[in-house]
Amino acid sequence: MGRVWSIAGTLTPVPVLDRPDLLAGPVAAAVRALADADRVAVAEIDAELADTAAFCEAYGSPLTASANCVIVAGKRGEVTRYAACVVLATTRADVNGVVRRRLDARKASFAPVDDAVELTGMEYGGITPVGLPADWPVLLSPEVAAAPELVIGSGVRGSKLLVPGAVLAKLPGAEVVEGLARPA
């Protein structure tokens, strides 16, 4: 018997190491390397319901326990730096302020979808902070890092990860950034 997830709604979470088939390749590799993999679960979902609002409504998982991961590209001259920003679904990342400054960029914006998919090896709508390129910062809002339970992407649209924020805060490149999240 695995952990009981209060945020699961009608999902059927299983230990993440039992179902690597529900993960994108880079996510599966990263999960195997996690010291806290036993604290992470995965649940299969309808890929058509992967977007946060539709997912929460369909599965009864609270929006306040969902976190979104967005890939940001920051440019200064010819140099482009990427970062992942993880904020609660009820907020949005301060891309043009906090993230732009953290990336030492003149301009920052959401990475084009094709770039985000190619660079992460994940599906659009399923991008997650687990398994990102090692040299990317993973910027977490304090609310995400402190959350006892979160639902996040799994690298594919057909499943979700359930994970404590403390596990995300231990990911390679993870930084808790004050002011990262703004009210939506």
**OP:** Give, for atom CG of Leu11 and atom OG of Ser159, the distance between the pair rounded to the nearest 0.5 Å.
**Re:** 10.5 Å
**OP:** State whether the side chain of Thr128 and the backbone N or O of Gly155 hold a donor-acceptor pair below 3.5 Å, judged by distance alone.
**Re:** no
**OP:** Please round to the nearest 0.5 Å and tell me the distance separating atom CZ of Arg182 and atom CG of Asp94.
**Re:** 4.5 Å
Original post:
Is any side-chain heavy atom of Glu57 less than 4.5 Å from a side-chain heavy atom of Leu49?
Top reply: no
Subject >> Ala181 to Val87 - nearest heavy-atom pair and separation >> reply: CB-CG1, 3.9 Å
Original post:
Considering all heavy atoms of both residues, which atom of Ser6 and which atom of Glu149 are nearest to each other, and what is their separation?
Top reply: OG-OE1, 2.5 Å
Original post:
Do Asn68 and Ile127 come within less than 4.5 Å of each other through their side chains, counting heavy atoms only?
Top reply: no
Original post:
To the nearest 0.5 Å, what is the distance between CD (Glu123) and OG (Ser154)?
Top reply: 8.0 Å
**OP:** Flag the pair Arg32 / Leu17 as yes when at least one side-chain heavy-atom distance between them is below 4.5 Å, and no otherwise.
**Re:** yes
Original post:
With no hydrogens and no angle check, do the side chains of Thr91 and Glu143 hold a donor and an acceptor under 3.5 Å apart?
Top reply: no
Original post:
Given side chains that start at C-beta, do those of Ile71 and Leu132 come closer than 4.5 Å, heavy atoms only?
Top reply: yes
Subject >> Minimum heavy-atom distance between Leu140 and Ala169, given as atom pair plus value >> reply: CD1-CA, 3.5 Å
Original post:
Would you call Asp38 and Arg3 a salt bridge, taking side-chain N to carboxylate O under 4.0 Å as the test?
Top reply: no
Subject >> For the student: nearest non-hydrogen atoms of Cys56 and Ser66, plus distance >> reply: SG-OG, 3.3 Å
Subject >> Leu139 and Val98: CA distance, side-chain angles, deciding distance, side chain to side chain contact (heavy atoms under 4.5 Å, CB included) verdict >> reply: CA-CA 10 Å; Leu139 310 179; Val98 172; over 6 Å; no
Original post:
Can you name the closest pair of heavy atoms from Ile45 and Tyr59 and give their distance?
Top reply: CA-OH, 3.5 Å
Subject >> Chi angles and distances behind the side chain to side chain contact (heavy atoms under 4.5 Å, CB included) call for Leu22, Val156 >> reply: CA-CA 7 Å; Leu22 293 177; Val156 297; 5.6 Å; no
Subject >> Contact check, side chains of Val151 and Ile7, non-hydrogen atoms, under 4.5 Å >> reply: yes
Original post:
Looking at Asp135, Thr120, Asp115, Leu103, which one forms a side-chain contact (heavy atoms from CB on, under 4.5 Å) with Tyr82?
Top reply: Asp115
Subject >> Short side-chain to backbone donor-acceptor contact, Asp51 and Ala53, under 3.5 Å >> reply: no
Original post:
How far apart are the C-alpha atoms of Trp136 and Leu119, what are their side-chain angles, what is the distance that settles it, and do they pass the side chain to side chain contact (heavy atoms under 4.5 Å, CB included) test?
Top reply: CA-CA 11 Å; Trp136 287 12; Leu119 294 169; 3.8 Å; yes
Subject >> Asp36 vs Val163, side chain to side chain contact (heavy atoms under 4.5 Å, CB included): CA-CA, chis, key distance, verdict >> reply: CA-CA 10 Å; Asp36 292 331; Val163 60; over 6 Å; no
Subject >> Side-chain heavy-atom pair Pro148, Pro164 within 4.5 angstrom cut-off >> reply: no
Original post:
To the nearest 0.5 Å, how far apart are CZ in Arg102 and SG in Cys85?
Top reply: 10.0 Å
Subject >> Leu63 side, atom CG; Phe55 side, atom CZ - distance, nearest 0.5 Å >> reply: 10.5 Å
Original post:
Roughly how far, to the nearest 0.5 Å, is the OG atom of Ser109 from the NZ atom of Lys75?
Top reply: 7.0 Å
Subject >> Arg157 versus Gly126, closest heavy-atom pair with distance >> reply: CG-N, 4.4 Å
**OP:** Could you tell me whether the side chain of Leu150 reaches within less than 4.5 Å of the side chain of Leu162, counting heavy atoms only?
**Re:** no
Subject >> Electrostatic pair Lys160:Glu44 at N-O distance under 4.0 angstrom >> reply: no
Original post:
Do Thr52 side-chain atoms and Ala89 backbone N/O form a donor-acceptor pair below 3.5 Å?
Top reply: no
**OP:** State, with a plain yes or no, whether a side-chain heavy atom of Leu171 is found less than 4.5 Å away from one of Leu34.
**Re:** yes
